[in-house]
Amino acid sequence: MAKVILLNGSPRKNSNTLMVLKECAKAIEAEGVEAEIISLKGMRIESCIACNKCGEKGNCVLNDGLDEIIDKIRDADGFIPAAPVYFGTARGDIMSALQRIGKVSRGGDKFLNWMVGGPITVARRGGQTLTLQEMTMFFPINGMIIAGSSYWNMVTAGPEGTALEDVEGIETVRLFGSNVAKLIKKIKE
């Protein structure tokens, strides 16, 4: 069965980002594609040191738990990272994770090629467009396919638990999830 990995970049237990990813996952599963949400919560993701050892061993030499996530992404057909925006851009840990995931793929078996996905952002006010642009750079450089929706994949939310109040944002993310699943199924035909 086809599968999508959704990466939650929020450090909070009941985060708005997690709420948004759950809605996206439901839309993916409604199309008959498996969805798994993985969280960076509690992890201390290090930045890439550009040692290029990943090309030799197939995984990253940094021992912080990201290799287990990389292995799950390697076996998937889709990848959706989501980041909360606290200070106008993506959190450092999710960008470090994306850079290392991309480095491992590009240096080795190129497991990201033809994978379908795209980023999602969640913020109280500003920085969402910049964060989407920053995270989107990960996709084309890795030969990936970005699925579209009816608007940008961003949800506006304040305190924890308020993400579902942004009806348009949630509908955009649901359509995006559905489109990711449909594209995966088309490619696998």
Side-chain angles (χ1 to χ4, degrees), residues 1-10 17-40 45 54 58-60 66-84 90-91 94-122 128-155 163 168-189:
M1 174 184 250
K3 183 174 187 174
V4 177
I5 297 295
L6 299 95
L7 185 61
N8 178 13
S10 176
T17 306
L18 179 58
M19 287 179 74
V20 171
L21 284 178
K22 285 179 179 179
E23 292 299 313
C24 188
K26 285 183 208 171
I28 291 166
E29 290 172 343
E31 294 294 335
V33 173
E34 186 181 347
E36 180 182 354
I37 299 172
I38 299 172
S39 181
L40 295 180
I45 302 299
C54 54
N59 268 337
C60 187
L66 190 61
D67 274 348
E68 289 81 10
I69 295 172
I70 289 171
D71 288 340
K72 287 188 176 212
I73 296 168
R74 181 180 272 120
D75 293 335
D77 304 285
F79 180 52
I80 300 172
R91 288 178 37 83
I94 195 158
M95 290 311 299
S96 291
L98 291 179
Q99 291 163 5
R100 286 174 50 205
I101 293 163
K103 185 78 166 160
V104 170
S105 177
R106 290 170 54 87
D109 56 354
K110 300 191 179 7
F111 60 88
L112 293 172
N113 281 358
W114 284 91
M115 193 172 287
V116 179
I120 297 172
T121 65
V122 181
Q128 288 180 325
T129 304
L130 177 60
T131 302
L132 279 175
Q133 291 167 343
E134 179 182 28
M135 293 174 70
T136 296
M137 297 294 286
F138 169 82
F139 289 84
I141 197 169
N142 287 297
M144 300 172 80
I145 300 165
I146 301 170
S149 187
S150 58
Y151 198 69
W152 310 119
N153 299 330
M154 59 176 74
V155 174
E168 181 184 9
I170 292 297
E171 286 304 315
T172 299
V173 167
R174 286 178 181 144
L175 179 58
F176 166 68
S178 177
N179 287 342
V180 166
K182 287 175 182 175
L183 269 170
I184 289 169
K185 292 191 301 189
K186 282 282 188 194
I187 290 168
K188 291 181 89 60
E189 282 182 352

Inset, instruction - For the pair I145 and I187, evaluate side chain to side chain contact (heavy atoms under 4.5 Å, CB included) and give the outcome as yes or no after the intermediate values. - result: CA-CA 11 Å; I145 300 165; I187 290 168; 3.5 Å; yes

Inset, instruction - Let me see the working for M115 and I73 under side chain to side chain contact (heavy atoms under 4.5 Å, CB included), right down to the final yes or no. - result: CA-CA 10 Å; M115 193 172 287; I73 296 168; 4.0 Å; yes

Inset, instruction - Begin with the C-alpha distance, continue with both residues' side-chain angles, and end with the deciding distance and a verdict on side chain to side chain contact (heavy atoms under 4.5 Å, CB included) for L175 and S150. - result: CA-CA 7 Å; L175 179 58; S150 58; 3.9 Å; yes

Inset, instruction - Take V116 and D77 through the test side chain to side chain contact (heavy atoms under 4.5 Å, CB included) and record every step on the way to the result. - result: CA-CA 7 Å; V116 179; D77 304 285; over 6 Å; no

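Between K26 and E29 there is no salt bridge, since no side-chain nitrogen of the basic residue lies less than 4.0 Å from a carboxylate oxygen of the acidic one.
In this structure, CD1 in I70 is found 12.5 Å from CG in D75, a value given to the nearest 0.5 Å. One finds the CD atom of Q133 at 8.5 Å from the CH2 atom of W152 (value rounded to the nearest 0.5 Å). Going from atom CD of E68 over to atom CG of N59 covers 8.5 Å, rounded to the nearest 0.5 Å. Interatomic distance, N179 CG to I184 CD1, rounded to the nearest 0.5 Å: 11.0 Å. Taking OG1 of T121 as the start and CE of M135 as the end, the distance is 8.0 Å to the nearest 0.5 Å. Rounding to the nearest 0.5 Å places SG of C60 at 3.5 Å from CZ of R100.
Of the possible donor and acceptor atoms, one in the side chain of R106 sits under 3.5 Å from a partner among the backbone N and O of I141. With T17 contributing its side chain and S10 its backbone, the two residues share no donor-acceptor pair below 3.5 Å. Side-chain N or O atoms of S105 include one that pairs as donor or acceptor with a backbone N or O of F111 at under 3.5 Å. Of the possible polar contacts, one joining the T172 side chain to the E168 backbone as a donor-acceptor pair under 3.5 Å is found. No donor-acceptor distance shorter than 3.5 angstrom exists from the side chain of S96 to the backbone of I45, with no hydrogens or angles considered. Judged purely by atom type and a 3.5 angstrom limit, R91 uses its side chain to pair as donor or acceptor with the backbone of G9.
Side-chain contact between L98 and F139 is absent, with no heavy atoms from C-beta onward closer than 4.5 Å. In this structure the side chain of I170 never reaches within 4.5 angstrom of the side chain of M19, judged on heavy atoms. Considering only heavy atoms from C-beta on, S149 stays 4.5 Å or farther from V173 through its side chain. A 4.5 Å side-chain heavy-atom check between L6 and I120 finds every atom pair outside the cut-off.
For G58 against R74, the heavy-atom pair with the smallest separation is O-NH2, 2.8 Å. Residues A163 and V20 come closest through the heavy atom pair CB-CG2, 3.8 Å. Closest approach of E134 to A90, counting heavy atoms only: OE1-N, 3.1 Å. Counting all heavy atoms, side chain and backbone alike, G118 lies closest to I146 at CA-CG2, 4.4 Å. Closest approach of S178 and A27 over heavy atoms only: N-CB, 4.0 Å. Nearest heavy atom pair, residue V180 against residue A147, reads CG2-CB, 3.6 Å.
More than 12 heavy atoms of other residues, nucleotides or ligands sit less than 6.0 Å from atom NZ of K3. Atom NZ of K185 has more than 12 neighbouring heavy atoms from other residues, nucleotides or ligands inside a 6.0 Å radius.
Results of the side chain to side chain contact (heavy atoms under 4.5 Å, CB included) test with I80 over I28, I5, N8 single out I28 as the only residue that passes.
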